[in-house]
K.L.:
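Got a structure here, written out as structure tokens. Questions coming.
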Amino acid sequence: MSGPNGDLGVPAEAGAEGEEDGFGEAEYAAINSMLDQINSCLDHLEEKNDHLHARLQELLESNRQTRLEFQQQLGEASSDATH
């Protein structure tokens with residue numbers, strides 16, 4: 001049966017006896033450490049996402065510029081062919 005937070009093997013009444021909330025300092029320290037690691041991973045992913053977004057914006061602008069130049073060259077070539 002799962003506990004109140006979905007933890008397997010922890011009955012819902014575990015906090016009724018012993019420590020008042022069922023967690024000691026070691027458990028809180030472990031949870032805090034895991035949350036810090038998750039936070040660091042999320043920060044790293046956010047930095048990578050921001051970097052990728054900036055690179056994609058640069059690529060998009062470069063492609064726009066190349067397309068405009070190509071269209072200008074096609075326009076010049078077609079106007080030269082008609083004269």
K.L.:
What's the separation between atom CG in N49 and atom NE2 in H53, rounded to the nearest 0.5 Å?
P.N.:
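The CG atom of N49 sits 8.0 Å away from the NE2 atom of H53.
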
K.L.:
Consider only side-chain heavy atoms of I, L, V, M, F, W and Y, link residues closer than 4.5 Å, and tell whether L45 and L52 are in one cluster.
P.N.:
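No, L45 and L52 fall in different hydrophobic clusters.
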
K.L.:
Which distance, rounded to the nearest 0.5 Å, do you find between the CD of Q37 and the CG of N32?
P.N.:
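The distance works out to 11.5 Å.
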
K.L.:
Go through the steps for Q71 and R67 under the test side-chain contact (heavy atoms from CB on, under 4.5 Å), then give the verdict.
P.N.:
CA-CA 6 Å; Q71 286 175 342; R67 183 175 41 85; 3.9 Å; yes

K.L.:
Give a yes or no answer on whether the side chain of S40 reaches the backbone of D36 with a donor-acceptor pair at less than 3.5 Å.
P.N.:
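Yes, the answer is positive, given that a donor and an acceptor are paired below the 3.5 Å cut-off.
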
K.L.:
Using the rule side chain to side chain contact (heavy atoms under 4.5 Å, CB included), only one of H51, H44, E46 pairs with K48; which is it?
P.N.:
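Result: among H51, H44, E46, H44 is the only option passing the side chain to side chain contact (heavy atoms under 4.5 Å, CB included) with K48.
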
K.L.:
When rounded to the nearest 0.5 angstrom, what is the spacing between OG in S78 and CD in Q73?
P.N.:
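Here the rounded value is 12.0 Å.
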
K.L.:
State the CD-OG1 distance between E61 and T66, to the nearest 0.5 angstrom.
P.N.:
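E61 CD to T66 OG1: 9.5 Å, rounded to 0.5 Å.
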
K.L.:
Can you tell me how far CG of L42 sits from CD1 of I38, rounded to the nearest 0.5 angstrom?
P.N.:
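Answer for the CD1-CG pair, I38 versus L42, is 7.5 Å.
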
